[in-house]
Amino acid sequence: LRGCTRDTDLVARYDGGEIVILAAEADYDRARVLGKRILDNSGVGVFVGLACSRAVDVANPDDLLRQAMAALEACRQRGEGRLATSVDCE
């Protein structure tokens, strides 16, 4: 993942097998590019869930994480090597 992220991005393991990347100052388009870069360079089946902090109903970091996890679950249901976004991002 280090080759896909910027020096300013925070990469951390979350809840066992999930990995969270906090891409500060990244707008929706940049976040999608990051997600696609991870998919293209992972070499394994991965799922990428994306949520945006600029969404109107994101009141705190927990809400943002819940939205990303919901997008991730939607991605898993569709199959390997997918990127899904929160409805609020689109």
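What's counted below: heavy atoms across the whole structure, side chains too, no hydrogens, waters or symmetry copies. Just so you know, residue 1 is the first one in the sequence shown, and it goes up from there.
- Partners of R6 according to the side-chain hydrogen bond (donor to acceptor under 3.5 Å, both in side chains) rule, which considers only residues two or more places apart in sequence or in another chain, are D9.
- Scanning all heavy atoms of the two residues, the minimum distance from C4 to L34 falls at O-CD1, 3.1 Å.
- The hydrophobic clustering, which links ILVMFWY residues whose side-chain heavy atoms are closer than 4.5 Å, places I38 and V11 together.
- Remark: R37 engages no residue in a salt bridge (Lys or Arg N to Asp or Glu O under 4.0 Å) (not counting sequence neighbours).
- For D29, the side chain to side chain contact (heavy atoms under 4.5 Å, CB included) criterion is met by D27, not counting sequence neighbours.
- Among residues two or more places apart in sequence or in another chain, the side chain to side chain contact (heavy atoms under 4.5 Å, CB included) test is passed with L72 by E18, F47, M69, R76.
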